[in-house]
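Each remark here refers to the structure printed beneath this line.
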Amino acid sequence: DAFEYDVEVAYQLGENYAGGRTPGDISALIAGLYAGALLDKESQFRVGAGLEYYTGDNRSTANVNEAAELLFITLHKFYGAMDFFPTTITPTTGQRRSPAVTNLGLINPYLRVEASLLKDWKFSLFAHYFMAQQPFENASVSTRDIGTEIDLDAIYTVSRNVSLRSGISAFLPGEALKQSNGAVGLGTDPAYWAYTMLMLNF
């Protein structure tokens, strides 16, 4: 009874004529797997591990586009709380642009721990390790290592319809970002993020 799981798979196919690309076939895969256990019902203490996966464009197949188009309005499902991908690198111009790893797909194994340790409080901890599904390559390196992210969240239930949610996160860049995005800061420095939000449910 304590076992929990979630499986989600989508395959995309068709023909691609958009964005000035050479016309060709689409062959892309999205998958999400999670398995965990509810170890204590009273405290809602659960632990689990998952893997989010979507394919990137393989450069060796010029007439096939393997880059998956995500179907989710919220990107947290694949990218963690900080949403660094695909377009949250901010260069010195102040404009947003995609990092070089965006079109390479993503492999995101993660760990999850949640519990209600105090009355009216719920805590969650996620640890992500982001890898490119297709390797990032330049003159000096071939790597899949994008980086590591840690997300810690706390939810305080004020009433049946009102809750307060806060979170802090940290992102440690991997070799792919160090090689491709050093000029805009994310490839050279850890990034930190915090938020607080009031949620009203009707």
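Atoms considered below: every heavy atom in the structure, side chains included; atoms not considered: hydrogens, waters and symmetry mates. From a predicted model like this one, the values you see are computed outputs, not experimental measurements.
- The minimum heavy-atom distance linking P109 with L51 is given by the pair N-CD1, 3.7 Å.
- Between the side chains of D25 and S27, no donor-acceptor pair of N or O atoms lies under 3.5 Å.
- To the nearest 0.5 Å, the span separating CD1 on I30 from OG1 on T55 amounts to 7.5 Å.
- The minimum heavy-atom distance between H128 and G80, with the atom names listed, is NE2-CA, 3.8 Å.
- Placement of V158 and M199 in two distinct hydrophobic clusters is found when ILVMFWY residues are connected by side-chain heavy-atom separations under 4.5 Å, directly or transitively.
- Residues Q179 and S140 bring a donor and an acceptor atom of their side chains to less than 3.5 Å of each other.
- Checked by atom type and distance alone, the side chain of T143 never pairs as donor or acceptor with a backbone atom of A176 at under 3.5 Å.
- The shortest heavy-atom contact between L172 and P190 is CD2-CB, 3.7 Å.
- Counting heavy atoms from C-beta on, the side chains of F136 and L104 come closer than 4.5 Å.
- Between the CG atom in L125 and the CG atom in D151 there is a gap of 8.0 Å [rounded to 0.5 Å].
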Under the side-chain hydrogen bond (donor to acceptor under 3.5 Å, both in side chains) rule, what do S166 and T196 come out as? Steps first, then yes or no, please.
CA-CA 4 Å; S166 296; T196 298; 3.2 Å; yes
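- For the atom pair CG (L164) and CG (D120), the distance works out to 12.0 Å, reported to the nearest 0.5 Å.
- M131 and I150 fall into different hydrophobic clusters, where Ile, Leu, Val, Met, Phe, Trp and Tyr residues are linked whenever their side-chain heavy atoms come under 4.5 Å apart, directly or through other members.
- The heavy-atom pair separating E114 from S124 by the smallest distance is CG-CB, 3.4 Å.
- In this structure, the side chain of E149 engages the main chain of M82 through a donor-acceptor pair within 3.5 Å.
- By the 4.5 Å heavy-atom criterion applied to side chains, F171 and L177 are counted as neighbours.
- Side-chain contact check for Y129 versus D145: some heavy-atom pair is nearer than 4.5 Å.
- Between the side chain of Q133 and the backbone N or O of I107 there is no donor-acceptor pair closer than 3.5 Å.
- Cluster annotation: M197 and V162 are assigned to distinct hydrophobic clusters (Ile/Leu/Val/Met/Phe/Trp/Tyr, side-chain heavy-atom contacts under 4.5 Å, transitive).
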Would R59 and Q134 count as a side-chain contact (heavy atoms from CB on, under 4.5 Å) here? Give the steps.
CA-CA 9 Å; R59 297 177 183 177; Q134 296 288 327; over 6 Å; no
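- Geometrically, R112 engages Y34 in a cation-pi contact, judged by NZ or CZ lying under 6.0 Å from the ring centre and within 45° of the ring axis.
- Distance OH/Y156 to CG/L118: 10.5 Å, rounded to 0.5 Å.
- Hydrophobic cluster membership differs between L38 and F45, with clusters built from Ile, Leu, Val, Met, Phe, Trp and Tyr side chains linked at under 4.5 angstrom.
- Nearest heavy-atom pair, E52 versus G32, reported as atom, atom and distance to 0.1 Å: OE1-CA, 3.2 Å.
- No donor-acceptor pair closer than 3.5 Å links the side chain of S116 to the backbone N or O of K122.
- Contact detail for A28 and Y11: the closest heavy-atom pair is O-CD1, 3.1 Å.
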With side-chain contact (heavy atoms from CB on, under 4.5 Å) as the test, would you mind laying out the steps for F126 and L111 before giving the verdict?
CA-CA 6 Å; F126 283 78; L111 299 175; over 6 Å; no
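- Looking at heavy atoms from C-beta onward, E175 lies in side-chain contact with V141 at the 4.5 angstrom threshold.
- A donor atom on one side chain and an acceptor atom on the other are not found under 3.5 Å apart for N58 and T61.
- In this structure, CD1 in I146 is found 13.5 Å from NZ in K178, a value given to the nearest 0.5 Å.
- Taking CG of L33 as the start and CG of D6 as the end, the distance is 8.5 Å to the nearest 0.5 Å.
- No hydrogens or angles considered: nothing links the side chains of N108 and Y54 as a donor-acceptor pair under 3.5 Å.
- Between D153 and F123, the closest side-chain pair of non-hydrogen atoms is not below 4.5 Å.
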